[in-house]
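Heads up: the structure comes next, in structure tokens.
Positions are given from 1 along the sequence. Not measured: the values here are computed from a predicted model.
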Amino acid sequence: MIHISCAFATSLSTPDHVAFAEDLGYHRAWLYDSPALYPDVWASLALAATRTNRIGLGPGVLIPSLRHPMTNAAAIAHLAHLAPGRLAVAIGSGFTGRMTLGQKPLSWKFVRHYVETVQALLRGEAVEWEGALIQMMHPEGFAPPRPITVPMILGVGGAKGAAAAADLADGMFVSGMPPVPVEPGRMCVQLAFGTVLDDNEDPGSARVLAAAGHGAGVALHAMYERGADFSRIPGGSEWVADLERVPAAARHLAVHDRHLIALTERDAKVVNSAMLKQFGLARTRNEWREHLARLESAGITEIAYQPAGPDIPGELQRFAEATR
């Protein structure tokens with residue numbers, strides 16, 4: 001059976017939202033790691049850990065360039081102590097967490113080396129990084145004893161990431177369909193956006209756009225970063241022209257403004273009910289259930305639903321009731 005988890009564009013209210021998600025029966029809560037947009041992921045996870053008892057917790061996904069491997073190893077150790085048996089860790093090459101800083105995703109060669117280093121540290125080994133030996137030297141009372149074992153998955157979008165996940169991790173974290181077949185016994189977590197429509201609700205209503213528009217907005221951002229053709233999207237050429245009036249040196253700030261939080265004024269001119277339906281962001285209860293059945297048959301083991309808009313608890317409750 002596919003697990004129903006949640007994900008959050010981490011905010012100051014996220015620890016409270018995670019506690020509410022636990023009450024609703026969600027399997028796990030993943031928190032985003034994009035410090036140009038969101039508060040610190042480890043501090044937020046620690047607060048969530050102290051307010052919950054059962055729900056799984058994890059960063060999804062950590063961006064290696066944001067922290068020294070020792071920093072993340074120490075943070076993993078601390079959260080494993082705060083929430084024993086509940087931590088999972090996802091690491092990736094970077095999308096929002098890199099592009100909001102004007103950088104491209106990291107090479108998978110670098111990500112592999114980083115993941116191997118963090119794993120070696122958690123085993124208690126001495127390992128070389130930047131030309132020097134490093135090791136978790138925490139005595140008793142300063143971190144759990146090594147080895148520290150937590151499930152680790154990699155955020156992947158293509159063959160190189162999938163190969164790294166197969167070699168180094170317990171599975172994959174994906175935003176679309178997995179790039180390779182999911183092997184039995186492996187984790188495959190799919191990130192999902194959108195909202196659950198009420199009976200006869202207009203998919204272009206203000207509530208739906210506020211709750212699900214962020215999913216269409218991030219699709220526009222990703223398309224632009226990849227050099228996609230916007231001419232077939234109604235209003236797309238105007239969206240690009242408006243964006244490119246922003247000086248090139250600051251354009252990445254404009255592209256990713258409100259990323260996975262809400263629609264910007266520019267995005268709202270393009271995102272409409274037809275786009276929400278096309279991207280599967282506005283579904284009825286039955287449509288969501290049918291969608292989950294398709295995902296499960298494709299090997300997805302867990303869906304991480306990210307609510308948005310002014311009523312995140314309400315969106316969590318809608319999704320939980322629809323997928324229960």
Side-chain angles (χ1 to χ4, degrees), residues 7-11 14 30-42 44 59-68 71-72 90-115 153-162 164-165 172-176 179 189-193 213-230 233 236 239-271 275 279 281 304 306 308:
F8 295 96
T10 316
S11 75
T14 292
W30 297 97
L31 274 59
Y32 298 165
D33 182 24
S34 293
L37 283 167
Y38 318 133
D40 183 75
V41 67
W42 287 116
S44 300
V61 299
L62 294 175
I63 311 303
S65 59
L66 297 178
R67 297 175 194 85
H68 192 284
T71 305
N72 270 334
I91 300 177
S93 61
F95 178 56
T96 315
R98 292 276 298 169
M99 291 186 173
T100 50
L101 305 179
Q103 304 295 324
K104 297 298 183 185
L106 297 161
S107 73
W108 275 102
K109 180 180 179 181
F110 179 84
V111 175
R112 277 178 174 268
H113 181 41
Y114 188 94
V115 171
I153 60 177
L154 300 189
V156 307
K160 289 183 179 180
M172 299 180 285
F173 195 109
V174 298
S175 58
V189 184
Q190 188 197 68
L191 185 61
F193 313 120
H214 68 299
V218 75
L220 294 174
H221 306 168
M223 289 168 61
Y224 182 80
E225 291 284 10
R226 293 165 185 159
D229 180 7
F230 276 75
I233 300 174
W239 184 91
V240 172
D242 183 41
L243 179 62
E244 292 186 345
R245 292 188 187 98
V246 178
R251 195 170 298 151
H252 61 282
L253 303 176
V255 173
H256 299 289
D257 185 18
R258 320 289 168 83
H259 190 93
L260 290 176
I261 298 171
L263 291 171
T264 64
E265 184 177 343
R266 178 185 300 107
D267 295 343
K269 294 176 181 177
V270 179
V271 175
M275 186 177 290
F279 291 163
L281 300 170
Q306 191 229 302

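Minimum heavy-atom separation, Trp30 to Ala304: CD1-CB, 3.7 Å. Pairing each heavy atom of Asp242 with each of Arg266, the nearest pair is OD2-NE, 3.0 Å. In this structure, Phe230 and Met223 approach most closely via the heavy-atom pair CZ-CB, 3.8 Å. Counting all heavy atoms, side chain and backbone alike, Leu263 lies closest to Arg258 at O-NH1, 4.5 Å. Shortest non-hydrogen contact noted between Pro59 and Val41 is CB-CG2, 4.1 Å. In this structure, Met99 and Pro105 approach most closely via the heavy-atom pair CE-CD, 3.6 Å.
Phe279 contributes atom CZ, which lies 6.5 Å from atom CG of Leu220 (distance to the nearest 0.5 angstrom). With rounding to the nearest 0.5 Å, the separation of OH in Tyr224 from CG in Leu243 is 4.5 Å. Once rounded to the nearest 0.5 Å, the distance linking CG of Leu37 with CG of Asp257 reads 7.5 Å. Between the OG atom in Ser175 and the CZ atom in Phe193 there is a gap of 7.0 Å [rounded to 0.5 Å]. Atom NZ of Lys160 and atom CG of Leu154 lie 15.0 Å apart (nearest 0.5 Å). Here the OG-NE2 distance, from Ser107 to His113, works out to 10.5 Å after rounding to the nearest 0.5 Å.
By the 30° and 60° cut-offs, the orientation of the rings of Trp239 relative to His221 is parallel.
You'll find the ring centres of Phe95 and His259 inside the 6.0 Å limit.
With contacts defined as side-chain heavy-atom distances shorter than 4.5 Å, the pair Tyr114/Leu62 does not qualify. Looking at heavy atoms from C-beta onward, Leu260 lies in side-chain contact with Gln306 at the 4.5 angstrom threshold.
Gln190 contributes no side-chain N or O that, together with a main-chain N or O of Phe173, makes up a donor-acceptor pair within less than 3.5 Å. With hydrogens and angles ignored, the 3.5 Å screen pairs a side-chain donor or acceptor of Asp33 with a backbone N or O of Ile63. One N or O on the side chain of Arg251 and one on the backbone of Val246 form a donor-acceptor pair closer than 3.5 Å.
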* Check the pair Leu101, Leu66 against side chain to side chain contact (heavy atoms under 4.5 Å, CB included), reporting the backbone distance first and the verdict last. => CA-CA 10 Å; Leu101 305 179; Leu66 297 178; 3.9 Å; yes
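Partner of Tyr38 under the side chain to side chain contact (heavy atoms under 4.5 Å, CB included) criterion, chosen from Leu31, Thr100, Ile261: Ile261.
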